[in-house]
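In what follows, a structure is listed as structure tokens, so that the remarks can point back to it.
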Amino acid sequence: MNGNIDEFIVACIMNDYKRDDPYILSDAEREEIEAKQMIYQSLISDINIEIGQEASKKDRKLRGDENLSDDTLTYGEIDFIPLAEIIFTIKNRYGGCREGNFYDLGSGTGKPVIAAALLGNFLECKGIELLSSLYEVSLTVKERYDRWVQTQECMLPNNSYPKVSMILDDIFEYDWSDADLILANSTCYDENMIEKIGKIEVSPGTFSISLSNSLPVSSWRIVESVRKRMSWGIATVYIQQKIDLEEERLKILEFGKALDSE
């Protein structure tokens, strides 16, 4: 075992946990999600996927991509219920996220940012979008959310809701290293892009949700993968957690020593 300890450590860290038993929401959780979905729908009801697709095409043409060949800018959406199920999975199976920042990397019309604000225990939910037409739509969604929050806080002064921010920027230029949960709708991301995301330094314990492609970096451990329906069809959702490689290595070495001593 000692001769192959490094390979063993990498294999343990990168293990892909495909589960045959997706987390099943309790009745109370289902009721909570359905109530929040009604609020969500009231905020985004007229912002359908076609609006996002048209905005994406408009900006891609302006960028000189007349054939719309840049797959990394292809528009798709993660629906409310699948995102809710994933957030509740993280909460109930893996200890939940720290009470901090949610980032949607490539946030489109901003709908997942609003969904996360309603669903998670975050201080701030931020969307980073490169295409200005999509960003402009997301500002409309943010303004509606802000007005709704003001109404709720007037009715129930002790209630608090996450701040929502929409940011027009490149995800590789904007600093999101303070993330506690990131969402990457990575179905159309190329290998270099998804690897580059995985190499951004964030704190150990941070969770990521990515679609179709996992973050292929050893410091991101896959804790679960599960199939969910999205706007374009069924996709594999990867839940990963940032780990301290040296700390994990020491743990496994200690485990190996304990086995050797038996």
Side-chain angles (χ1 to χ4, degrees), residues 36-84 86-87 101-120 122 124-152 161-176 179 181-189 193 197 209-212 228-233 235:
K36 290 180 176 179
Q37 186 182 28
M38 291 179 65
I39 299 167
Y40 172 78
Q41 289 295 340
S42 73
L43 297 174
I44 60 91
S45 59
D46 60 334
I47 311 295
N48 57 39
I49 189 171
E50 287 77 16
I51 289 176
Q53 290 170 337
E54 287 304 313
S56 176
K57 287 179 183 179
K58 175 183 175 181
D59 266 9
R60 291 161 70 189
K61 286 183 179 180
L62 289 174
R63 290 167 63 89
D65 187 10
E66 294 294 337
N67 296 318
L68 307 182
S69 58
D70 187 350
D71 287 342
T72 64
L73 299 176
T74 299
Y75 187 79
E77 292 183 348
I78 179 170
D79 293 330
F80 184 88
I81 293 296
L83 182 57
I86 296 161
I87 288 176
N101 297 314
F102 169 91
Y103 283 90
D104 185 357
L105 307 180
S107 51
T109 58
K111 290 192 279 188
V113 180
I114 302 303
L118 295 172
L119 290 164
F122 302 108
E124 187 166 1
C125 295
K126 304 179 184 182
I128 307 172
E129 176 53 52
L130 181 65
L131 300 181
S132 59
S133 294
L134 286 170
Y135 167 74
E136 291 297 328
V137 177
S138 76
L139 291 181
T140 298
V141 178
K142 168 186 157 45
E143 288 169 4
R144 293 177 184 176
Y145 171 81
D146 288 343
R147 287 197 299 270
W148 176 81
V149 167
Q150 289 174 0
T151 302
Q152 299 304 303
Y161 298 89
K163 178 182 177 182
V164 161
S165 299
M166 303 298 181
I167 300 153
L168 179 62
D169 210 334
D170 187 318
I171 62 172
F172 299 117
E173 297 295 331
Y174 188 85
D175 181 9
W176 46 269
L181 174 61
I182 63 172
L183 170 65
N185 190 343
S186 52
T187 296
C188 293
Y189 291 179
M193 187 172 181
I197 290 172
I209 301 167
S210 60
L211 308 184
S212 302
K228 298 284 184 184
R229 180 170 293 282
M230 305 298 164
S231 66
W232 62 92

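Note: hydrogens, waters and symmetry copies are ignored here, and every other heavy atom, side chains too, is used.
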Say you draw a straight line from CG of Asp46 to CZ of Arg144; how long is it, rounded to the nearest 0.5 Å? 4.0 Å
List the atom of Tyr103, the atom of Asp175, and the distance in Å for their closest heavy-atom pair. OH-O, 4.0 Å
Only residue of Ile167, Asp104, Ile197 satisfying side chain to side chain contact (heavy atoms under 4.5 Å, CB included) with Trp176 is Ile197
Do the side chain of Asn48 and the main chain of Ile51 share a donor and acceptor less than 3.5 angstrom apart? yes
Arg229: what forms a salt bridge (Lys or Arg N to Asp or Glu O under 4.0 Å) with it, not counting sequence neighbours? none
For Gly106 against Tyr189, the heavy-atom pair lying closest together: CA-OH, 4.3 Å
Hey, could you give me the CD1/CZ distance between Ile128 and Phe172, rounded to the nearest 0.5 Å? 10.0 Å
Would you say Lys126's side chain and Asn101's backbone share a donor-acceptor pair under 3.5 angstrom? no
Which atom pair, heavy atoms only, marks the closest approach of Pro162 to Cys125? CB-SG, 4.2 Å
Measuring from Met166:CE to Glu143:CD, what's the distance to the nearest 0.5 Å? 10.0 Å
With rounding to the nearest 0.5 angstrom, report the CG to CG distance, Leu211 to Asn185. 4.5 Å
Show the nearest heavy-atom pair for residues Ser212 and Ala235, with the distance to one decimal. OG-CB, 3.9 Å
Tell me whether Glu77 contacts the main-chain N or O of Asp79 through its side chain, where contact means a donor paired with an acceptor under 3.5 Å. no
Determine the minimum heavy-atom distance between Lys111 and Ile47, stating which atoms define it. NZ-O, 2.6 Å
Let's go through Ile171 and Met193 carefully: what are the C-alpha distance in whole Å and the side-chain angles of both, what is the deciding distance for side chain to side chain contact (heavy atoms under 4.5 Å, CB included) to 0.1 Å, and is it a yes or a no? CA-CA 10 Å; Ile171 62 172; Met193 187 172 181; 4.1 Å; yes
Does atom NZ of Lys36 have more than 12 heavy-atom neighbours from other groups under 6.0 Å away? yes
Residue set satisfying ring-ring contact (aromatic ring centres under 6.0 Å, His included) with Phe122, at least two apart, ordered chain then number -> Phe102
What's the shortest heavy-atom distance between Val113 and Ser107, and which atoms? CG2-CB, 4.1 Å
Rounded to the nearest 0.5 Å, how far does CE of Met38 lie from CG of Leu43? 12.0 Å
Mind checking the CG-CD1 spacing from Leu181 to Ile209? Nearest 0.5 Å is all I need. 4.5 Å
Could you tell me which residues satisfy ring-ring contact (aromatic ring centres under 6.0 Å, His included) with Tyr135, sequence neighbours excluded, listed by chain and number? none
Are any non-hydrogen side-chain atoms of Asp146 and Lys142 less than 4.5 angstrom apart? yes
